[in-house]
Each structure stands twice: as structure tokens, then as C-alpha cells.
Q: 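Please find one structure pasted underneath; my questions will follow.
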Amino acid sequence: MNFYKNHFGMIVSSVIAICVSFVMSTSAIFVDHLTFSIPLWIKNWGTAFLTITVCGMVFPLTNWSFALGKKLGLKPETLPHVLLENTVATLVFNLFATMVLAGVNIFANPEIEGAIAGGFLPFKSVTEMYWKTVLKDLPIMFVISFIAAFFITKLAIAVAKKSLGIPTLATEESPQNH
């Protein structure tokens, strides 16, 4: 439970999960040419939020980023290090969220099953459509998420600093101190 180590990390992780899941859920609808509807958007947002939150809890992404940054000789809080942190987090969040969002939108969807069975979609099965969709969506969603996460992380850090009344994100528990 890496994300619950301190209040600062919990606030940052929560803001990132809320905002990145909003961006990914909205993007998934348009990238996959789905008809936008509020129920679909809410379903996608909830799915992305849950996926990103669980990934943030299970995987020590910040620790991985700082360990890799040390190996590469990057100094914390510099642009190269921030880009590295963003890349590591976006890779994990994007991979899992894209796979789950595609699954939620494709599997158990009677319209898709009927279109494939009727020959209206160029896939042999729903599973084939799922994997081709994931492979098509991953790079697109990565770019969208990477750009959005860069700004969202800045916002999340500012919210955490203001909420806790601290001037820096470097605390005793921070990965850069280990």
C-alpha cells in the first residue's frame, strides 16, 4: 500500500487518479468512436478510476521511478526526473486502464457481438476485437495520458502542498531520501 505511506502521497495519488481517469474515460469514448452518453462516460470514469487507484496502491511507482532515476544519474525534481516519473506511472496506469476500459466496452456488449456475428465488423470474434482495440488504443492513450499527467501531477502536488501547508514534497518518507 505504497500510496498510504503519508498524507502527501495520498492526496497526490487521489488527485491524479480522479483527473487521469476523467481524461482516459473521455478519451476512450472518442478514440474508439463510441457514441458519447453520460451513462457510458460514468461507467468508463468509474472503471478507469478504480483501475488507476488500485494500480497506485499495488505498484510502488514512485519508488520505481526514483530507483531508475538514481541508476540513470538523474537528480530529483529536475525536468528529466519528472519526465521519467511521468513515463513510469503513465506506462503502468495506461496499460491497465486501457486493457480494462476496452474490456468493459467490448465484452458482454450485445451490439458488438451482433455486429461481429452478422459480419458488420471485420473481426472473427469479440476476443480478437478486444486485442486489436487494445493494441490500437495503447499508443494513443499513452500520449494523451502522458501529456495530461504531466500537468495533473503539478496540480496534485500544489493541492497537497496547500492542503498540508508544507513548502516542499521532499519529506522524511520521500523516495529521494532513501
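Keep in mind that this is a model prediction, so the values were computed, not measured. If you read the sequence from its start, that first residue is 1, and numbering goes on from there.
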Q: Please report the interatomic distance CZ(F142) to OG1(T87), rounded to the nearest 0.5 Å.
A: 5.0 Å
Q: Closer than 3.5 angstrom, by distance alone: can the side chain of S21 be matched with the main-chain N or O of I18 as a donor-acceptor pair?
A: yes
Q: Taking the side chain as C-beta and beyond, is there a heavy-atom pair between V143 and I147 under 4.5 Å?
A: yes
Q: Check G103 against Y130 and note the closest heavy-atom contact, atom names and distance.
A: N-CE1, 3.3 Å
Q: Hey, quick one: are V23 and L155 part of the same hydrophobic cluster, counting side-chain heavy atoms closer than 4.5 Å, chains of contacts allowed?
A: yes
Q: Give me the atom names and distance for the closest heavy-atom approach of V31 to M141.
A: CG2-SD, 4.1 Å
Q: Kindly give the heavy-atom pair with the smallest separation between E113 and V126, and that separation in Å.
A: CG-CG2, 3.8 Å
Q: Please report the interatomic distance CG(N109) to CD1(I116), rounded to the nearest 0.5 Å.
A: 9.0 Å
Q: How far apart are the closest heavy atoms of L95 and L138, and which atoms are they?
A: CA-CD2, 3.9 Å
Q: Grab the two heavy atoms, one from V88 and one from S65, that are nearest each other, plus how far apart they are.
A: CB-OG, 3.4 Å
Q: Is there a path from I144 to L83 through hydrophobic residues (I, L, V, M, F, W, Y) whose side chains come within less than 4.5 Å of each other?
A: no
Q: Consider only side-chain heavy atoms of I, L, V, M, F, W and Y, link residues closer than 4.5 Å, and tell whether L91 and F151 are in one cluster.
A: yes
Q: According to salt bridge (Lys or Arg N to Asp or Glu O under 4.0 Å), does anything in residues 126-139 pair up with another residue at least two apart or in another chain? List the pairs.
A: D32-K136, E128-K132
Q: Of the options I38, N44, L40, which is the one that meets I42 in a side chain to side chain contact (heavy atoms under 4.5 Å, CB included)?
A: I38
Q: Distance check, rounded to the nearest 0.5 Å: L84 atom CG versus F66 atom CZ?
A: 9.5 Å
Q: Enter the distance from I112:CD1 to I106:CD1 here, rounded to the nearest 0.5 Å.
A: 5.5 Å
Q: Could you tell me the separation between the OG1 atom of T51 and the CZ atom of F93, rounded to the nearest 0.5 Å?
A: 11.0 Å
Q: Any chance the side chains of N94 and T90 put a donor and an acceptor closer than 3.5 Å?
A: no
Q: In Å, rounded to the nearest 0.5 Å, how long is the span from SG of C55 to CG of L61?
A: 7.5 Å
Q: Is the closest side-chain donor-acceptor distance between E77 and H81 under 3.5 Å?
A: no
